[in-house]
Amino acid sequence: MVTYRSTMVERIDLPSRETRERRLEEAGYNVFNLAAADVFVDLLTDSGTGTMSNDQWAALIRGDESYAGSRSFERLESAVEEVMGFPRVVPAHQGRGAENVLYGTLLEEGDVVLNNTHFDTTRAHVANQGADPVDCPVDAAFDLESAGADAGTGADSDTDTNPHEFAGNFSLERARAVVDDVGEGAVSVVIQTITNNSAAGQPVSVENTCRVRRFADEIDATFVIDACRFAENAAFVRERENEFSDASIDEIAREQLGYADAVVMSGKKDGLANIGGFVATTDRDLLAECKQRAILYEGFPTYGGMAGRDMEAMAVGLREAVEDAYATDRIEQVRTFGRLLEDAGVPIYTPVGGHAVYLDAAAALPHVPSAEFPGQALVCELYREGGVRGVELGSFAFPDTDRPELVRLALPRRTYHRDHLEHVAETARAVLEKREAVSGLELASEPSIPELRHFTAELRPVSR
């Protein structure tokens, strides 16, 4: 058990309903366009929104802002090697900067990239290089009706673990079918995202990671782990994978990450920092190429878009993230949130994942067709009703993909308390009590990159 004592507080206010109505309309029914001051409980993302520890704040003071070869970079490099097992690091300003560095180095036009499930920026970076992002989730990943019970057998014949317990796994059956279709030479990179953000934050087993490593070797592909939530994933592994029941979080993390050729990391998640990311690898040649791209897009390879003080905070945060007490507390808070929502009668994806609770928008608003973005409609109603900001991860965020209509309520780390979570649950209950009055939405404008449209597109209510 771990507890926290607040050493700094921030006052938050719930704007009036009239104000919320006006702000939502001004934002084009896209909550990304809302000002943070107009939000009461902000669950848009857990990326960079958490509360840093007093040790992290203390570390900021010793930031070395030297352009090249700073002591702060050396401390970050040391933390990455100690916690994750990778001795070579190229920092970036955040995760998508690291993705640009790595995938811009690895990919060429016409390549095929396999992933258990691509998240938005990963999909966009792969597509931006002219490559084809292909998802390979197990059957249990999007089986909302049975996710909380027995997810069934046959989700992946290459794994011995229960598909219900590791619904974030990479499906080797699907991957091999893609290889049979496009040929081994076309698949240059295989990615495994842990936990699987697009599949409701579901964990990935170490066994599955080992099998994906062997598969990547078979087809001569580079194996990358997107490690944003590697510590949360390790906590699930200890609970659910018998081989690791007596292992520590840091031991599991190093074991799982050690199968990869490289990791791409947003330090704004399990780095417990407000900004920053990196590429880490054991491959000297890949390191050299990534450094050159980092100079072009991020900065000199020993700061890569990060201030020295931010590298210091992340170095401390990486070590804190693999403390057993922290990781257990983190997972338990998300589970508590899920139970509060279930008690309020809200349909959610179960079992609850690591960093967020995902609402089943199709079940919550059955009268809103998929073409009218039920997930986005639910997001707007949560804000309208109680000033709660979440994010749609369904047909609006992922156009032309076969994904369920989900709404993610992501918990910032060490930030909100039970009374905030109770407010969200009561807000969701109130929305569902008058669900029949909720109308669907249609696009009013959208950007030129479809994979990123949910960040800036504007919508309007469908008129009847």
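FYI, side chains are in, hydrogens and waters are out, and symmetry mates aren't considered; it's all heavy atoms of this structure. Index from 1, following the sequence.
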Task: Electrostatic pair Arg17:Glu385 at N-O distance under 4.0 angstrom - done: yes

TODO: State, without any angle test, whether Arg75 and Ser78 hold a side-chain donor-acceptor pair at a distance under 3.5 Å.
DONE: no

Task: Separation of Asp360 CG from Leu406 CG (nearest 0.5 Å) - done: 6.5 Å

- [ ] Could you pull out all residues at least two apart from Ser47 that satisfy side chain to side chain donor-acceptor pair (under 3.5 Å)?
- [x] Lys269

Open item on the list: Run the side chain to side chain contact (heavy atoms under 4.5 Å, CB included) test on Asn30 and Glu392 for me, step by step, so that the C-alpha distance in whole Å, both residues' side-chain angles and the decisive distance to 0.1 Å come before the verdict.
Closed with: CA-CA 10 Å; Asn30 186 342; Glu392 190 267 7; over 6 Å; no

Open item on the list: Can you confirm whether Thr117 sits close enough to Phe142 that some side-chain heavy atom of one is under 4.5 Å from a side-chain heavy atom of the other?
Closed with: yes

Task: Six-ring centre of Phe455, Arg96 cation under 6.0 angstrom, axis tolerance 45° - done: yes

Open item on the list: Does anything in residues 97-107 form a salt bridge (Lys or Arg N to Asp or Glu O under 4.0 Å)? List the pairs, not counting sequence neighbours.
Closed with: none

Task: Arg293 to Val101 - nearest heavy-atom pair and separation - done: CD-O, 3.4 Å

Open item on the list: So, using ring-ring contact (aromatic ring centres under 6.0 Å, His included) as the criterion, who are the partners of Phe244 when residues are at least two apart?
Closed with: none

Task: Phe337: ring-ring contact (aromatic ring centres under 6.0 Å, His included) partners, not counting sequence neighbours - done: none

Open item on the list: Do Met52 and Met8 make a side-chain contact, defined as non-hydrogen atoms from C-beta onward lying under 4.5 Å apart?
Closed with: no

Open item on the list: Contact between Cys136 and Val190 at the side-chain level, heavy atoms closer than 4.5 Å - yes or no?
Closed with: no

TODO: Give me the one residue out of Arg20, Arg23, Arg22 that meets side chain to side chain donor-acceptor pair (under 3.5 Å) with Asp38.
DONE: Arg23

Task: Any donor-acceptor N or O pair under 3.5 Å, side chains Thr415, Thr51 - done: yes

Open item on the list: Do Ile275 and Lys268 make a side-chain contact, defined as non-hydrogen atoms from C-beta onward lying under 4.5 Å apart?
Closed with: yes

TODO: Please work out which of the three classes, parallel, tilted or perpendicular, describes the rings of Phe40 and His423, given edges at 30° and 60°.
DONE: perpendicular

Task: Gap separating the CZ atom of Arg254 from the CZ atom of Phe230, nearest 0.5 angstrom - done: 10.0 Å

Open item on the list: Using the ring-ring contact (aromatic ring centres under 6.0 Å, His included) criterion, which residues pair with Tyr383? Sequence neighbours excluded.
Closed with: none

Task: CD-OG1 distance between Gln129 and Thr105, expressed to the nearest 0.5 angstrom - done: 8.5 Å

TODO: Could you go through the side chain to side chain contact (heavy atoms under 4.5 Å, CB included) check for Tyr326 and Leu272 one step at a time?
DONE: CA-CA 11 Å; Tyr326 163 77; Leu272 307 186; 3.4 Å; yes

- [ ] Look up atom CG in Leu365 and atom CG in Leu432, then write down how far apart they are to the nearest 0.5 Å.
- [x] 7.0 Å

- [ ] Could you list the residues that satisfy side chain to side chain donor-acceptor pair (under 3.5 Å) with Thr209, not counting sequence neighbours?
- [x] Gln192, Gln256

Open item on the list: If you define the side chain from C-beta out and look only at heavy atoms, does anything of Phe373 sit under 4.5 Å from Leu459?
Closed with: yes

Task: Nearest atoms (heavy-atom pairs only) where Val407 meets Ala361 - done: CG2-CB, 4.2 Å

Task: Considering all heavy atoms, the nearest Val368-Gly440 contact - done: CG1-CA, 3.8 Å

Task: Ala98 to Met265 - nearest heavy-atom pair and separation - done: CB-O, 4.2 Å

Task: Student check: side-chain heavy atoms of Asp250 and Val83 closer than 4.5 Å - done: no

Task: Residue pairs passing the salt bridge (Lys or Arg N to Asp or Glu O under 4.0 Å) test where at least one lies in residues 343-359, sequence neighbours excluded - done: none

Open item on the list: Could you check whether any side-chain heavy atom of Thr302 comes within less than 4.5 Å of a side-chain heavy atom of Pro91, counting everything from C-beta outward?
Closed with: no

TODO: Look at Glu342 together with Arg339 and state whether they make a salt bridge at an N to O cut-off of under 4.0 Å.
DONE: no

- [ ] Give a yes-or-no answer on whether the side chains of Asp64 and Tyr303 include a donor-acceptor pair shorter than 3.5 Å.
- [x] no

Task: Ser395 backbone acceptor or donor facing Glu405 side chain under 3.5 Å - done: yes

Open item on the list: According to salt bridge (Lys or Arg N to Asp or Glu O under 4.0 Å), who are the partners of Glu239, at least two apart in sequence or on a separate chain?
Closed with: Arg335

Task: CG-CZ distance between Asn196 and Phe170, expressed to the nearest 0.5 angstrom - done: 11.0 Å

Task: Residues which pass side-chain contact (heavy atoms from CB on, under 4.5 Å) with Pro447, listed by chain and number, not counting sequence neighbours - done: Arg453, Thr456, Ala457

- [ ] Before accepting this row, confirm whether a basic side-chain N of the pair Glu251/Arg238 lies closer than 4.0 Å to the acidic partner's carboxylate O.
- [x] no

For residues 374-381, tabulate all N or O donor-acceptor pairs below 3.5 Å that involve a side-chain atom, not counting sequence neighbours.
from   : atom 1 : to     : atom 2 : distance (Å)
Gln376 : NE2    : Tyr29  : O      : 2.9
Glu381 : OE1    : Arg384 : NE     : 3.3
Glu381 : OE2    : Arg384 : NE     : 3.1
Glu381 : OE2    : Arg384 : NH2    : 3.0

Open item on the list: Please list all pairs meeting side-chain hydrogen bond (donor to acceptor under 3.5 Å, both in side chains) that have one or both residues in residues 54-63, counting only residues at least two apart or in different chains.
Closed with: Gln56-Arg414, Arg62-Glu312

- [ ] Please check if any side-chain donor atom of His355 sits under 3.5 Å from a side-chain acceptor atom of Asn197, or the reverse.
- [x] yes

Open item on the list: Does Arg309, at its CZ atom, have more than 12 non-hydrogen atoms belonging to other residues, nucleotides or ligands within less than 6.0 Å?
Closed with: no

Task: Short side-chain donor-acceptor distance under 3.5 Å, Arg123 and Asn115 - done: no

TODO: Please assess Glu25 against Arg460 for the test side chain to side chain contact (heavy atoms under 4.5 Å, CB included), listing each intermediate value before the final yes or no.
DONE: CA-CA 8 Å; Glu25 184 176 1; Arg460 57 182 171 241; over 6 Å; no

Open item on the list: Can a donor-acceptor pair be found, under 3.5 Å and without considering hydrogens, that links the side chain of Asp270 to the backbone of Ala321?
Closed with: no

Task: Contacts of Asp42 that satisfy side chain to side chain donor-acceptor pair (under 3.5 Å) - sequence neighbours left out - done: Arg389

- [ ] Applying side chain to side chain contact (heavy atoms under 4.5 Å, CB included), run through Arg408 and Thr45 and close with a yes or a no.
- [x] CA-CA 8 Å; Arg408 187 186 70 180; Thr45 181; 3.7 Å; yes

Task: Electrostatic pair Asp135-Arg174, nearest N-O below 4.0 angstrom - done: no

Task: Separation between CD of Gln202 and OG1 of Thr195, rounded to the nearest 0.5 Å - done: 8.5 Å

Task: Closest approach of Ala247 to Ile252 (non-hydrogen atoms, all atoms of both residues) - done: CB-CG1, 3.7 Å

Task: Tyr416 and Leu43, any side-chain heavy atoms less than 4.5 Å apart - done: yes

Open item on the list: I need the minimum non-hydrogen distance between Ser439 and Pro461, along with the two atoms involved.
Closed with: OG-CB, 3.9 Å

